[in-house]
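Please read the structure below before turning to the comments.
Remember, it's 1-based here, ligands and their atoms both numbered in the order they're listed.
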Amino acid sequence: MRAPGGPRLLLRRLREVMAEPVTAQARLDRIVVLIASNMVAEVCSLYVARADGPLELFATEGLNREAVHLTTMRPGEGLVGLIAATAEALALSDAQNHPAFSYKPETGEEIYQSFLGVPVLRGGATLGVLVVQNRARRSYSEEEIEALQTTAMLLAEMIASGELQALAGQPSAVAVRKAAALQGQPIAEGLGLGHVVLHQPRIVVTKIVADDANAELARLETAIEAMRASVDALIDSSDDGGEGEHRDVLEAFRMIAHDRGWLRRLREAVTSGLTAEAAVERVQNDARAKLQRQTDPYLRDRLHDLTDIANRLLHQLAGQSLVLRPDELPDNAILVARSMSPAALLDYDRSRLRGLVLEEAGAASHIAIVARALGVPAVSDIPNISEIVEHGDALIVDGVTGEVHILPAPEVEAAYQEKARLRARRQDQYRALRDTPAATLDGVPIGLHMNAGLLIDLPHLEETGAKSIGLFRTELQFMLASRFPRLDSQETLYRAVLQAAGDKTVTFRTLDIGGDKRLPYMKANDEENPALGWRAVRIGLDKPALLRIQMRAMLRAAAGRRLRLMLPMVSTVDEYRRGRALLDREIAFLARMGRAPPASVELGAMLEVPSLLWQLEEMVSVADFLSVGSNDLMQYLFAADRDNKRVSGRFDTLAPAFLRALRRIAEAGERGLAPVALCGEIGGRPLEAMTLIALGYRDLSMSATSIGPVKAMLLSLPLAPVRAEVQALIAERGDCSSLREPLREIAERHGVRL
Ligand code: PEP
Ligand code: MG
């Protein structure tokens, strides 16, 4: 059976009704009559989702009128609830025998056999369900299903406009948007309360019905051409890194942009009377429903790509740029994006940013490093977030627990405001310790240093009162760039870092790439075991030009100053010596070129590979200093990948085996000439830091945010008695997997602030 007049006529009539100066209820009543007659159905009903959950019957033609604003269905309950839960159309010729059918006597629907229902969708949200029913058994055609879906778009606009708010039969208003708490992966600490700003703003489609279908089709074709050209241009520029997007993602974009099925559906939707924008949205609604059900990660990615392409097309149609201009940022902004390049984040005005929420942060998560450096609380791994939220939605980001609250209830917001106030007070207390000398309660001075990797980290040096930069991860510049940074850009960065550090020293670490730290422009090696493969100083020694250029940049940048640099992942004394020889050649070259040398040069080695535990005496006699990289040392000692969630938390850093290894290293430092520091994450945790100091470590380098808490611990630490107890504990208790509890007891007994 074909709908008389087809969807185009229906849309035109509906638009006329929308414009009539009548009450919202009268309008709805007219609409359902129109739809029923156009679809040759005896029944047409509209159910609208309320903020408290249920779907309420708002209007009907054919069912008992008394049931309007009385009958409700919970999501998942009955056929209507099923459609709302799945966001998918449902067509049945024998509805009453469907397992989900739920009989509501007040509606009088028992006489109707056939049922067609479609969700009323807007963005990622289901706002209601639109139903037609027929007395006789019949099957609904694809065309009819599509026509009803198109009609539902008009109703979505009506609901979203807030026009129906006052009609709801129950206390709760219409659920234009619902509050939700989602759990993700925390990637940068802190708490942020603010309002959503979409990094790639979505176009809100408000004009649904086209005035002239042919003109609209022409608009669509022009936009498709322009969108294809923009994707091609992106691919051409992707050799330079493009917009930080991966080439295979871009190739997938190109495939979709030429996908015949997708283009056909768009053209059909326009032919049925929709505007080009509404057609994109309409076709996208189906993709979203599929995305909700899809569990295969590859297919999910492809559906995401489809969303991206649809978004590009919408921007073409609206003549708007695809990404927000950084200077358009309002105050209290929480950026929401599917993914984001570090460079894009750096473009925004930090003072207006309160948080960042991403669907995915990417393997090595450079965005996390930048977010941390900027002090922007961030959470990743929230599927679909850029579809769920709308521009301006209130949002809370908890970068400690990974929770994200969309449109939080007033009590949730109040609780978080209190939490944020407490946090700020604690930060103030730490800040007040800035100029207090870092020493234990019994007067033993401890060097608290800061880890950094970007120029934007440098202001923290002053703010925290850190003694020096104990680890500058030079690979970050390489990871953020779109091609190998040349000698002069390396030199420029190192000089700027030294300048910003003033009279404090900086310990530069030479390039630590490979393993999990990949460079987008460097050919990936197919390694079975990247963490055990060609990485860090191994690459530097095999490709000495790379390492020498970096050393040259450091030597030039440090003219007249003290230069400290160290080699990552050293496994043998010989590797250190070869690094030293390269450095000596560069020092000689510098002199030959007549350039001013640094005032002094020290070359250290990072102690991250367990093999060095049995070459400690030799290492402390050849190296100028050692720095324990406890993150890697832990992963190699326990054979547990630090980035593999299944195993990374399996072994405790306060396990006796690890602490005994750390003790040996500290002892070697006490006997030898080379000072031994530690720059892994554990140095930044108060209980671990207490233990390390008791083991003999006197210099710890940590992230800027850890310096306050560690200093507060230090000032309350009576080292002499605690050292004796900790050392005895580690010597005696090798039979357990963690000493965390007994160490905590020692701290408590001695009043150490953790
Ligand atoms: C370490 O391994 O402990 C370390 C400080 O280096 P990274 O975390 O950069 O590997
Ligand atoms: Mg390391």
- Query: Is there a donor-acceptor contact under 3.5 Å linking the side chains of Tyr494 and Gln550?
  - Reply: yes
- Any side-chain donor-acceptor pair under 3.5 Å between Arg372 and Thr705? no
By number and element, which atoms of ligand 1 are closer than 4.0 Å to a non-hydrogen atom of [X]?
X	result
Gly680	3 (O)
Asp632	1 (C), 2 (O), 3 (O), 10 (O)
Leu471	5 (C)
Gly629	1 (C), 2 (O), 3 (O)

- Message: Could you identify the single nearest non-hydrogen protein atom to atom 5 (C) of ligand 1 and state the distance to 0.1 Å?
- Response: Cys679 O, 3.4 Å
- Task: List the closest protein heavy-atom neighbour of atom 6 (O) of ligand 1: residue, atom name, distance to the nearest 0.1 Å.
- Result: Arg509 NH1, 2.9 Å
- Message: Taking the six-membered ring of Phe508 as reference, does the cationic atom of Arg564 (NZ for Lys, CZ for Arg) lie under 6.0 Å from its centre and within 45° of its axis?
- Response: no
- Note on the structure: The salt bridge (Lys or Arg N to Asp or Glu O under 4.0 Å) partners of Arg646 (sequence neighbours excluded) come to none
- Task: Please identify each residue that fulfils salt bridge (Lys or Arg N to Asp or Glu O under 4.0 Å) with Glu688, with sequence neighbours left out.
- Result: Arg685, Arg740
- Close N or O approach (Arg535, ligand 1; < 3.5 Å): no
- Task: Fit a plane to each ring of Phe478 and Phe484, take the angle between them on a 0 to 90° scale, and name the class: parallel (under 30°), tilted (30 to 60°) or perpendicular (over 60°).
- Result: perpendicular
- Separation between CD of Gln185 and CD of Glu360, rounded to the nearest 0.5 Å: 13.5 Å
- Query: Does Leu633 approach ligand 1 within less than 4.0 angstrom via side chain, backbone, both or neither, non-hydrogen atoms only?
  - Reply: neither
- Given Glu681, Glu608, Arg642, which has its nearest heavy atom closest to atom 8 (O) of ligand 1? Arg642
- Asp632 atom OD2 and Glu608 atom OE2 as seen from the Mg ion (ligand 2), angle to 10 degrees: 100°
